[in-house]
Amino acid sequence: MATQDDGAPVAGRSDFIREIIDEHNRTGRFGQRVHTRFPPEPNGYLHIGHAKSICLNFGIAEQYGGQCNLRFDDTNPIKEEMEYINSIVADVRWLGFRWTGATDADTHAGVLFSSDYFEQMYEWAVELIEKGKAYVCDLTAEQTREYRGTLTEKGRNSPYRDRSVAENLDLFKRMRAGEFPDGSRTLRAKIDMTHPNLNMRDPVMYRILHAPHPHAGDKWCIYPMYDWAHGLEDSIEGITHSICTLEFENHRPLYDWFINAINEGRDTPIHHPQQIEFARLNLNYTVMSKRKLLQLVKENHVSDWDDPRMPTLSGFRRRGYTPESIRNFCAEVGVAKFNSTIDVLRLENAVRDHLNRVAPRVMTVLRPLKIVITNWSDGGDEDRVEWMEAINNPEDPSAGTRKVPFAREIYIERDDFLEDPPRKFFRLGPGREVRLRYGYWVTCQDFVKNDAGEVVELHCTYDPATRGGDNPPDGRKVKGTLHWVSASHAVHVEVRLFDRLFSVENPDKTADGTDFIANLNPDSLEVLNEAKLEPNWRDARGPNWDDGITRVQFERHGYFCVDPDSTDKRLVWNRTVSLRDSWAKIAKQK
């Protein structure tokens, strides 16, 4: 499916949802109008699955010159918090989308809330009672489930189903007035308790809940159920295409029934949008249930919702993913009618592809091993520093070059040296020669061990004729090229190596008596406290990223970003993703 570099749709792109919209535009069903919405419940942070819905709804509105609302379906105050509302607003804006009425001066401008429509929903509920299409029921939640029946057994009518209109109106008004305790009564639609679709068996419209609301305050003690509110919110806002995930397909008849029931006998019917369902985004090695994500946070398996191992958008942002890479991933995955599981490698490759083009290169040694160049004084002052020219990004010539210091003592990676290397080990060993990237060719002459028998220092000689890493005049060759950092100039940093949070493809598949927690990857985080960074990045300088997050490629290691835990005295870097997929190799070995 074709997309631009930033994930926006390009001409000619289509899918079954856009085909439906094209047909509506052809027939004039909504007067050539396209108005979508992204309607999250503010009961948790957004995850990567929500990104697909965000990109779809906002992308369709943009493609057809229409509008897209950001509206909170805030109908359950006991699970909703302002923290979640604020995080969702920030995530949508970070992805690069602006809803109808949005401004940069006020980040919450134009944001809509279902709770702002509660009065209108209440009046429509009263209308259904007056039409004999809704009744107050005294069954408990457990009794309601029992009376509902099953897929193979018909439901039974509630003993309160035949209350008079007058009694129902009185009880419903008293429910609103707060006369009854939580759970003691509900308002239910009067449809058909024998209907083959369980959602149509007299569904609950309102329940009693004495709880403060994060947006509406203490105004209400009865709250609409999602199925009652869903279509009415869309109608009030003039939504044309109510795009939902597949689990709402069996709810669509109820969506339509509620609106048709309100419109029955009306001279001026309320607006009736079209609900369309698509497959939600599922990734392997990932859980995307907000309940399970909350469990990870509450039980301290992760640091918070924005832990870089979490599949939340705030987690991906903190890990260094770019909005462009997530938009490109969602566009590449496309829209389908059937649920499937996407390989998380496709998401990882999306950020690799983008950062490869735009991220500056930096030399960083994660596990340092010191080299002392014993013949450095042969070229002049033993304490001299030479400045080598390094390429900032080979994928972007306009990024230019930078100067990096080279001196008598440098650091290389500890695993770039073996005391007794095998034949195909092309890095350093006793008597072996390698190229130091942008520096010189060096040959290991000797090494020093500590009391534990660990190699802690290499003594090498350099070839002055190979400055900049050039081939020597005598034509000899080497196969190994190592990155390095000048010891006296290196910036001491903390590096956090994040990996997948779960060690199996399907975290929900567990042995009896265990849950998904049993599949957590014990190696999902490694903290390195002795890493050395080249001095150009002492203050984390680099491109002016729109979201303020500094991202680079640590040569040979992967892509990294500066973590908010950083201070003026100590930078903390998070690994976004390695340069290549290491899990594929592990899976192949298994």
Side-chain angles (χ1 to χ4, degrees), residues 360-394 400-450 454-493 530-538 553-557:
R361 275 46 170 176
V362 180
M363 290 197 291
T364 308
V365 176
L366 302 186
R367 300 169 179 86
L369 174 62
K370 181 179 286 189
I371 286 182
V372 177
I373 301 177
T374 57
N375 65 334
W376 187 242
S377 61
D378 293 351
D381 182 4
E382 186 178 83
D383 296 326
R384 77 183 188 282
V385 176
E386 296 186 13
W387 293 86
M388 306 298 185
E389 189 169 35
I391 297 172
N392 285 330
N393 187 343
T401 61
R402 68 190 186 282
K403 297 292 186 179
V404 291
F406 190 98
R408 180 174 179 268
E409 295 183 357
I410 62 173
Y411 291 116
I412 64 168
E413 290 293 344
R414 184 168 298 278
D415 60 6
D416 280 343
F417 173 83
L418 286 179
E419 184 178 351
D420 185 20
R423 184 172 60 88
K424 291 188 177 181
F425 183 78
F426 299 125
R427 285 167 276 178
L428 270 179
R432 292 200 175 190
E433 187 175 39
V434 297
R435 173 190 288 107
L436 298 179
R437 185 166 173 81
Y438 308 124
Y440 286 101
W441 289 30
V442 297
T443 303
C444 180
Q445 306 294 347
D446 197 3
F447 54 87
V448 178
K449 292 184 176 182
N450 61 15
E454 301 168 327
V455 176
V456 294
E457 186 173 287
L458 305 182
H459 292 172
C460 299
T461 56
Y462 84 110
D463 182 349
T466 59
R467 192 180 193 280
D470 293 341
N471 292 330
D474 61 16
R476 70 184 189 275
K477 305 292 184 182
V478 291
K479 292 186 176 180
T481 299
L482 310 183
H483 68 286
W484 51 273
V485 175
S486 169
S488 60
H489 299 83
V491 181
H492 188 76
V493 296
E530 302 299 328
K532 309 298 183 182
L533 179 74
E534 70 172 65
N536 291 296
W537 289 83
R538 184 179 304 276
Q553 182 195 105
F554 286 178
E555 296 198 26
R556 290 178 57 198
H557 293 302

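Nothing here was measured: the structure is a model prediction, and the numbers come from that model. Heavy atoms only: backbone and side chains are in, while hydrogens, waters and symmetry mates are out.
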For this session: Would you name the heavy atoms of Phe417 and Gly429 that are closest together and state the gap between them?
Result: CE1-CA, 3.7 Å

Problem set entry | Exam field: side chain Asn536 to backbone Lys403, donor-acceptor pair closer than 3.5 Å | yes

Problem set entry | Euclidean distance, Cys444 SG relative to Ile371 CD1, rounded to 0.5 Å | 7.5 Å

Problem set entry | Distance in Å, Lys479 NZ paired with Arg435 CZ, rounded so as to fall on 0.5 Å steps | 13.0 Å

Problem set entry | Distance in Å, Asn375 CG paired with Cys460 SG, rounded so as to fall on 0.5 Å steps | 9.5 Å

Problem set entry | Val455 vs Val448 side-chain heavy atoms within contact, under 4.5 Å | no

Exercise. Can you tell me if Glu413 uses its side chain to pair, donor with acceptor, with the backbone of Arg367 under 3.5 Å?
Worked result: yes

Exercise. Can you check whether Pro360 reaches Trp537 side chain to side chain, under 4.5 Å on heavy atoms?
Worked result: yes

Seminar exercise, completed: Here the pair of heavy atoms bringing Pro422 nearest to Leu418 is CD-CD1, 3.8 Å

Seminar exercise, completed: Smallest heavy-atom separation, Tyr411 atom then Lys532 atom, equals CD1-CG, 3.7 Å

For this session: Give the minimum heavy-atom separation between Ser486 and Pro405, together with the two atoms involved.
Result: CB-O, 3.3 Å

Problem set entry | Met388 CE to Thr401 OG1 distance, which is reported to the nearest 0.5 Å | 14.0 Å

Problem set entry | Side chain proximity check, Thr466 to Asn471, heavy atoms < 4.5 angstrom | no

For this session: Salt-bridge test for Glu419 and Lys449: reply yes if a basic N is under 4.0 Å from a carboxylate O, no otherwise.
Result: yes

Exercise. Are any of the side-chain heavy atoms of Asn393 and Ile391 separated by less than 4.5 Å?
Worked result: no

Exercise. In Å and rounded to the nearest 0.5 Å, what is the NE2 to CD1 distance from His489 to Ile410?
Worked result: 13.0 Å

Exercise. Are Val372 and Leu458 side-chain neighbours, meaning at least one heavy-atom pair lies under 4.5 Å?
Worked result: no

Problem set entry | Residue pair His459 / Glu457, side-chain donor-acceptor N/O under 3.5 Å | yes

Exercise. Just wondering, do Arg361 and Pro394 contact through their side chains at under 4.5 Å, heavy atoms?
Worked result: yes

Exercise. Do Glu534 and Arg402 sit within salt-bridge range, that is, some charged N less than 4.0 Å from a carboxylate O?
Worked result: yes

For this session: Indicate yes or no: does Asp416 engage Arg556 in a salt bridge with an N to O separation below 4.0 Å.
Result: yes

Exercise. From Thr481 OG1 over to Trp441 CH2, what is the distance, rounded to the nearest 0.5 angstrom?
Worked result: 8.5 Å

For this session: For residues Phe406 and Trp484, establish whether the separation of their ring centroids is below 6.0 Å.
Result: yes

Problem set entry | Glu386 and Arg384 ion-paired at < 4.0 Å | yes

Exercise. Between Trp376 and Tyr462, does the ring centre distance come in under 6.0 Å?
Worked result: yes

For this session: Take Leu428 and Val434 through the side-chain contact (heavy atoms from CB on, under 4.5 Å) test and state the conclusion after the steps.
Result: CA-CA 6 Å; Leu428 270 179; Val434 297; 3.8 Å; yes

Seminar exercise, completed: Shortest non-hydrogen pair, Val365 vs Ile412, comes out as CG1-O, 3.2 Å

Exercise. Is a side-chain donor-acceptor pair under 3.5 Å present for His483 with Arg437?
Worked result: no

Exercise. With a 4.5 Å limit on heavy-atom distance, are the side chains of Thr443 and Arg432 in contact?
Worked result: no

Exercise. Would one find more than 12 heavy atoms of other residues, nucleotides or ligands at under 6.0 Å from atom CG of Asp420?
Worked result: no

